[in-house]
Asker: 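The structure is given below, and queries will be raised subsequently.
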Protein chains: 2
Amino acid sequence: MGQETTRRSSAIPNEGHGAVSSVEKALRLLSTFSLASPQWALSDLAREHGIPKSTAHNLLKTLQAFDLVRQDPEDRVYRLGPRALEMGFLYARSTELLGQARPHLRRLAERSRETVKLGILSDSEVLIVAAVESTHQLHTRGDIGTRWPLHSTGLGKAILSALPLAEAEALARRRGLAALTKQTATSWPKLRAELAATRERGYAMDREENEAGVRCVAAAFVDPLRGAVAAVSVSGPSVRLSDAELAILGQEAVAVARAIRPHPHWEEL
Amino acid sequence: MGQETTRRSSAIPNEGHGAVSSVEKALRLLSTFSLASPQWALSDLAREHGIPKSTAHNLLKTLQAFDLVRQDPEDRVYRLGPRALEMGFLYARSTELLGQARPHLRRLAERSRETVKLGILSDSEVLIVAAVESTHQLHTRGDIGTRWPLHSTGLGKAILSALPLAEAEALARRRGLAALTKQTATSWPKLRAELAATRERGYAMDREENEAGVRCVAAAFVDPLRGAVAAVSVSGPSVRLSDAELAILGQEAVAVARAIRPHPHWEEL
DNA sequence: CAGGCTGTTCCAAGGGACTGAACACGGATT
DNA sequence: AATCCGTGTTCAGTCCCTTGGAACAGCCTG
């Protein structure tokens with residue numbers, strides 16, 4: 001069989017080759033809208049991306065025609081449009097992963113009484129695609145659609161540990177190993193050792209490496225058919241999550257990850 | 001094979017003079033993914049849109065670089081990517097309308113024990129952006145992200161009735177007045193009369209005009225700041241929704257619509 | 001009222017997207 | 001096996017279409 005990596009490493013989006021530049025610009029404009037700054041004036045967008053106003057204007061009008069962005073008739077700022085929501089739910093409903101995972105996540109959340117998340121690798125980060133929040137007064141958030149670093153989170157380290165080492169290094173390096181707390185692994189050797197331990201253990205641990213006072217365990221799995229790599233995590237405040245507790249939850253996360261792994265359609269073969 | 005490829009896939013909105021055609025093509029490709037056909041082969045996409053394979057290939061690779069579509073490494077079909085979900089939740093969270101509406105919708109659903117939906121005008125159709133489903137065994141669906149015709153639904157008629165007549169006619173005509181049941185208004189004069197009655201009454205009624213056995217009332221409102229026109233509806237099986245019941249729920253829908261109307265940021269001034 | 005902002009329109013010019021053909025692969029059919 | 005579909009991918013030349021400067025029109029602020 002072909003031993004070569006002729007196949008493009010699917011995890012890393014290949015920017016640059018064969019990309020249609022006007023489309024790229026348009027999508028980059030679209031990606032500018034974030035939770036922190038959900039509305040943008042034309043001039044600011046143009047400045048932000050270093051393109052002329054008129055070019056940005058043309059692109060935005062095209063996006064607007066599809067209702068992906070809308071312009072406030074009053075103060076003329078642009079915001080995301082409802083079509084974005086439609087596409088999001090389309091993705092959520094057409095992806096078997098989510099439907100299969102939900103009951104498992106819910107059960108794990110009930111047993112652990114902590115926040116349970118499902119994240120997937122997207123664009124060198126972890127993207128939360130499903131979550132069940134803890135009912136405790138003090139708890140970690142489970143916001144769908146948020147992104148997190150690979151190197152400092154349980155989900156991220158679990159995902160990295162499931163990939164070939166070279167690929168993991170490339171991914172981790174791409175965003176840099178920023179120190180988010182005193183415990184964050186900020187060098188690749190340190191992180192590589194972490195990943196080795198994770199692989200050994202079967203699940204990843206995050207002891208306040210991403211946020212002070214927050215601990216987490218996570219287990220990865222690979223959607224065999226779609227090639228996506230994902231992970232489930234349980235996270236909560238350190239005061240409730242002792243080492244012993246983490247060990248138990250880690251095993252449970254592994255079990256859930258195994259259970260979620262979508263059975264291929266051809267399993268009956 | 002289908003000759004319907006020649007048919008104008010009129011899901012494409014406003015042409016516009018400033019439209020960037022390559023971006024337009026890319027977005028059209030993106031819009032092809034639907035609940036009914038969530039995965040597409042490159043060749044099929046190219047055929048569907050009447051563009052060369054290589055063009056479609058370039059566009060898809062660009063979309064893929066942004067994780068808006070993903071290609072299955074195994075059978076090479078394209079599907080929506082997780083970035084779609086991210087953008088969807090971004091829209092949902094950055095839109096004050098939804099956050100403000102939710103408690104009202106929930107309360108109305110509890111009182112009526114029927115399915116309550118919030119829809120907005122998008123691309124000459126009603127797009128469901130929030131919903132609370134009835135707990136009854138027999139109930140209507142409340143799927144976020146789905147689209148419905150303007151002329152045959154309570155939400156649609158409520159929205160049309162809130163617009164200037166000329167605009168309403170243009171919108172209704174754009175998609176055509178298809179007969180979905182025996183009761184559907186299939187001519188503009190008929191629909192116009194309906195809209196007049198709706199305006200008089202304050203809320204729209206749908207008596208099995210969209211689906212046999214389903215009745216609905218809906219009240220529109222206009223987001224003054226963002227200029228979006230939206231509506232809330234209560235829908236359920238005809239057996240539970242007598243004329244008397246509809247009249248009561250209609251008034252409640254009107255009250256909720258009034259309550260939802262987002263107060264401008266400057267209310268504290 | 002000038003001066004700085006917006007967002008929008010226009011048009012000419014140059015570069016990049018389109019596209020058809022050729023390639024490689026895999027599964028059917030012969 | 002050989003042949004024929006079908007697929008997805010690559011490549012390079014030609015022309016169209018994007019680009020982006022300059023000009024216009026409003027709206028605030030100075």
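The analysis underlying the following values was restricted to heavy atoms, covering all of them including side chains, and did not include hydrogens, waters or symmetry mates. Below, chain A is the first sequence line, B the second, and so on; all start at residue 1.
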Asker: May I have the distance from A:L59 (atom CG) to C:dG7 (atom C1'), rounded to whole angstrom?
Answerer: 15 Å
Asker: Just call it for A:S43: base, sugar-phosphate, or nothing, with non-hydrogen atoms closer than 4.0 Å on any strand.
Answerer: sugar-phosphate
Asker: Rounded to whole angstrom units, what separation is found between the CD atom of B:Q64 and the P atom of D:dG8?
Answerer: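 Computing the B:Q64:CD to D:dG8:P distance gives 13 Å.
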Asker: Any side-chain N or O of B:S21 under 4.0 Å from OP1/OP2 of D:dC17?
Answerer: no
Asker: Measure the distance from NE2 on B:H57 to P on D:dT9 and round it to the nearest whole Å.
Answerer: 4 Å
Asker: For A:R28, what residues pass the salt bridge (charged side-chain N to carboxylate O under 4.0 Å, His left out) criterion, not counting sequence neighbours?
Answerer: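 With sequence neighbours excluded, A:R28 shows a salt bridge (charged side-chain N to carboxylate O under 4.0 Å, His left out) to A:E24, given in chain and number order.
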Asker: Under the salt bridge (charged side-chain N to carboxylate O under 4.0 Å, His left out) rule, what pairs show up with a residue in residues 29-45 of chain B, not counting sequence neighbours?
Answerer: B:D44-B:R47
Asker: Measuring only between side-chain heavy atoms, which start at C-beta, is B:L60 closer than 4.5 Å to B:Y78?
Answerer: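 When only atoms from C-beta onward are counted, B:Y78 and B:L60 do touch, with a gap below 4.5 Å.
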Asker: Would you say the side-chain atoms of A:R76 and A:Q71 include a donor-acceptor pair closer than 3.5 Å?
Answerer: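 No - no donor-acceptor pair under 3.5 Å links their side chains.
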Asker: Given atom CG of B:L42 and atom P of C:dC23, what is their separation to the nearest angstrom?
Answerer: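 Interatomic distance, CG of B:L42 to P of C:dC23: 19 Å.
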Asker: Using a cut-off of less than 4.0 Å, is there contact between a side-chain N or O of B:S22 and OP1 or OP2 of C:dA17?
Answerer: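 No, outside the criterion.
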Asker: Below the 4.0 Å mark, does D:dT9 have OP1 or OP2 next to a side-chain nitrogen or oxygen of B:Q71?
Answerer: yes
Asker: What is the separation between atom CG on B:N58 and atom P on D:dC11, rounded to the nearest whole Å?
Answerer: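 Roughly 12 Å, once rounded to whole Å.
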Asker: Which residue, A:R47 or B:A56, contacts DNA chain C at a nucleotide closer to its 5' end, judged by nearest heavy atom?
Answerer: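 Whichever sits nearer the 5' end wins; that is A:R47.
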Asker: So B:L85 and A:L98, side-chain contact (heavy atoms from CB on, under 4.5 Å) or not? Walk me through it.
Answerer: CA-CA 12 Å; B:L85 181 129; A:L98 294 185; 4.2 Å; yes
Asker: Could you tell me which non-hydrogen atom of B:A84 sits nearest to which non-hydrogen atom of A:Y91, and how far apart they are?
Answerer: CB-CB, 4.2 Å
Asker: Whole Å only: how far is the CZ atom of A:R76 from the P atom of C:dC5?
Answerer: 19 Å
Asker: Quick one: list whatever passes side chain to side chain donor-acceptor pair (under 3.5 Å) with A:W148, sequence neighbours left out.
Answerer: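 Here the qualifying residues are A:T146.
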Asker: Measuring only the P atom in each nucleotide, how far is C:dG26 from C:dT30? A whole number of Å is fine.
Answerer: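 Rounded to whole Å, the distance is 22 Å.
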Asker: As a check on the pairing definition, encode DNA chain D in dot-bracket form, counting Watson-Crick and G-U wobble pairs whose two distances are under 3.5 Å, and using | for partners outside this strand.
Answerer: |.||||||||||||||||||||||||||.|
Asker: Between the side chains of A:K117 and A:D143, is the shortest nitrogen-to-carboxylate-oxygen separation below 4.0 Å, so that they form an ion pair?
Answerer: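 Salt bridge flag = no for A:K117 with A:D143.
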Asker: Apply salt bridge (charged side-chain N to carboxylate O under 4.0 Å, His left out) to A:R147 and list each qualifying residue two or more places apart in sequence or on a separate chain.
Answerer: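 With neighbours one apart ignored, the set is A:E125, B:E86.
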Asker: Taking only side-chain nitrogens and oxygens of B:K25, does any of them come within less than 4.0 Å of OP1 or OP2 of C:dC18?
Answerer: yes
Asker: Roughly, in whole Å, what's the span from CZ in B:R28 to P in C:dC18?
Answerer: 12 Å
Asker: Can you tell me how far P of D:dT19 sits from NZ of A:K61, to the nearest Å?
Answerer: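 One finds 16 Å between P of D:dT19 and NZ of A:K61, rounded.
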Asker: Answer yes or no: is there an ion pair linking B:K157 with B:E194, defined by an N-O contact shorter than 4.0 Å?
Answerer: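 So B:K157 pairs with B:E194 through a salt bridge.
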Asker: Pick out the pairs of N or O atoms, protein on one side and nucleotides 21-28 of chain D on the other, that lie under 3.5 Å.
Answerer:
residue	atom	partner	partner atom	Å
D:dG21	O6	A:S54	OG	3.1

